[in-house]
Peer 1: 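Handing you this structure, nothing more for now.
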Amino acid sequence: MSAKLIYKDIAPGADVDASVITSDAQSFCSPALLPFDTSVPPIITLEPNMWLLDGSFKLLRNQDIPFWSKQMSDENGVFSTPPVIEIEFDEQYTTFGIYLRFSPETGDYCTSVTIKWYQDATLLDSKNLTPTSVSYFCANKVTAFNKVVIFLNATNRPHRYARVENIIFGIIREFGADEFRSVTILQELDLISSELPISTLNWLLVSKSDMEYIFQLKQPVEAYSGSNLIGVFYISEAKRTGPNTYEITCEDALGVLDGYFFPAAIYSEYNAAQLLREIASPDFDVEIDSVFEDVTVTGLIPDCTKREAFQQVLFAIGAACTTAGRAGIKVFAPPAENPAEIPDCRIYVGGSMETEPIVTAVRVTAHTYTPGTGSAGDEVIEVGGQKYVHKTFVVTVTNPNVTATDKQNVITVETATLVNPNNANEVAQRVYDYFMRRHTLNERIVVNGEQPGDYVITSTPWDTIVEGNIISMLTILSNTTASDIRIKAKGD
C-alpha cells in the first residue's frame, strides 16, 4: 500500500482573505468560489463540438460554477478583449507562484494567460504564460503582494468560453516514500475530554526537486496510506538542513487553535454545538454528532486559548473529538458497542497491559455565576465589564468496592467552569466511569482504517480478549503502515 504526503505550499489565509472582482463572468457564476476547491461537472452549452449525447453532460441547474466568461473566443481561440479576473487582499502575501485549474471535466483550458502582481498601485511583476493542460502552475516568487490581475487571452479550442474552477496562491506537491524519511504521526484523544491532546506529524523531506520551499506556519500537509486519509496537519516549525533537505514539524487543527486567544464569557443555556463552531471559526469546520446538537452549556469560559475553550465545552457535554481523517474537527460520543475486530494476522508479536491504581472517589466542583456584587466574603469576578458572584459546591462519587488496604486515590476536577448544578452529577458519574476503566492495552498492528476513538476487539499476547476504544495511534508511515496503538479497555 503506497504512502504519500501532500504538501500545500500556499499562502495561509489568502483564500478567505481574497475578494474576487470581475465584470466578465456569466450571470450564473459565483467568482467568490475561485480561491476554493470547487469542481464543476460537464454542462450542456451551445459551444461547437462541446457535448456528446451520451448522458455525461448535464443541464445547467444551479450548479456551483466559479467562472465562465461572458464571451466566446473566436475561430482561432483568441479573445479580442480578454476576460479579466482581479483578486484583492486585505493583507500582503508571499508565494512561489499561482496554481490555475481550468476545466478538467471538459478538457478546456486557456492557452495564453497574463498575470500581474501588485502591492497597492505598484506593479511588482508580470508574466505571460502558455498553459498546456487543464491544471497549470505559474512558478514565480513574488513578495508582499495584495492584488493579482489575471487576463485570459485565448482558449485551446475555438469558440469556447474561458473556464476557471480554482485559483490557488501557491503550489500543491505530492511526495512519495522516495522523498520523505522518518515520518512519524501521533494521534491521540481523551474519551471524556478532560484534556485535548494535540496530534502531530514529524517528517524529513529529501526533495528531488531544486525548488526552494517556504514552510510558512499553518500550511497544510495531508498524510495518506493508499487512498486513506490519515489526517491533515499544519506546519508549526521547519528547518532546512541541506540544499534539498528539510525537517518539518506539524500539528493538527487543535494545535492551531491553541495559538489563538479566546476571551472570557459567561453563558446561560447556550447551544453547545453553536459555541463549538464559533470557537473553531473561521479556521476549521466542526462536524458534530446529532446527539449534541440541542445540548446547552451554562457557566464560565475564562480567558484561555481556543483549544482550552473547546475542551471546556466538550467536557461539560460529555463529548470527545478527533482530527483523524479530516481537515477539521469531529465531535462525537465515543462508541461503546459493536466493536470492530482487529484480527491476529494484523497484530505484531509482543504487547503489554498497563493497569492504573484503584480510584477511591471522584470529586467534581460545580460552579454558579450570579450577576451582582454579593455580600462580604463572597468571591466576585468580572467578565466583560459585568460583576458576578462565584459560588461552588462539590459532587462526590465514591467507589463502593474500596477495601481497607486500598490506598486513597481521589480524582478531583476543580477548573471545569461549565460544570453547574444542572450537570454536575452527570459529569461526576461520567468521570468516575472513565477511571473505572483501569486497563490499557498496548500493541502494534498493521493499520486497516483504524482511527482514534474506534471501538475495537482484539486479542492479547496471553490469549485473552480486550474490548475498548483506541485512544492513541503512533504511526510510522511507509508502504506498509504500522501503528503502536493504545486501547482503553472496557470494564475494570
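Since this is a predicted model, take the numbers as computed values, not measurements. Side-chain atoms are counted along with the backbone in the values below, which use heavy atoms only and exclude waters and symmetry mates. Position 1 is the first residue of the sequence; numbering continues from there.
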Peer 1: How far apart are the C-alpha atoms of Leu196 and Cys321, what are their side-chain angles, what is the distance that settles it, and do they pass the side chain to side chain contact (heavy atoms under 4.5 Å, CB included) test?
Peer 2: CA-CA 8 Å; Leu196 291 191; Cys321 79; 3.9 Å; yes
Peer 1: Looking at Val447, Ile185, Leu186, Asp484, which hits side-chain contact (heavy atoms from CB on, under 4.5 Å) with Met473?
Peer 2: Val447
Peer 1: Would you check if the distance from the ring center of Phe169 to the ring center of Phe96 is below 6.0 Å?
Peer 2: no
Peer 1: Looking at Phe262, is Lys306 sitting on its ring face, NZ or CZ under 6.0 Å from the six-membered ring centre and within 45 degrees of the normal?
Peer 2: no
Peer 1: In Å, rounded to the nearest 0.5 Å, how long is the span from OG of Ser135 to CD1 of Ile172?
Peer 2: 9.0 Å
Peer 1: Closest heavy-atom contact between Gly318 and Phe292?
Peer 2: O-CZ, 3.8 Å
Peer 1: Under the criterion side chain to side chain contact (heavy atoms under 4.5 Å, CB included), I'd like the reasoning laid out for Leu441 against Lys488: C-alpha separation, chi angles, the key distance, then a yes or no.
Peer 2: CA-CA 7 Å; Leu441 175 66; Lys488 191 73 169 176; over 6 Å; no
Peer 1: Taking only residues two or more places apart in sequence, or in another chain, which ones meet Asp406 in a side chain to side chain donor-acceptor pair (under 3.5 Å)?
Peer 2: Thr403
Peer 1: Compute both the distance and the angle, then confirm whether Lys8 meets the cation-pi test with Tyr99: under 6.0 Å from the six-membered ring centre, within 45 degrees of the axis.
Peer 2: no
Peer 1: For Val362 and Tyr434: C-alpha separation, side-chain torsions, deciding distance, then whether side chain to side chain contact (heavy atoms under 4.5 Å, CB included) applies.
Peer 2: CA-CA 10 Å; Val362 167; Tyr434 174 78; over 6 Å; no
Peer 1: Roughly how far, to the nearest 0.5 Å, is the CD atom of Glu443 from the CD1 atom of Ile347?
Peer 2: 4.5 Å
Peer 1: Please say which of Asn442, Thr440, Thr460 ends up in a side chain to side chain donor-acceptor pair (under 3.5 Å) with Ser352.
Peer 2: Asn442
Peer 1: Please say whether the positively charged group of Lys218, taken as NZ for Lys or CZ for Arg, lies over the ring of Tyr234, i.e. under 6.0 angstrom from the six-membered ring centre and within 45 degrees of the axis.
Peer 2: no
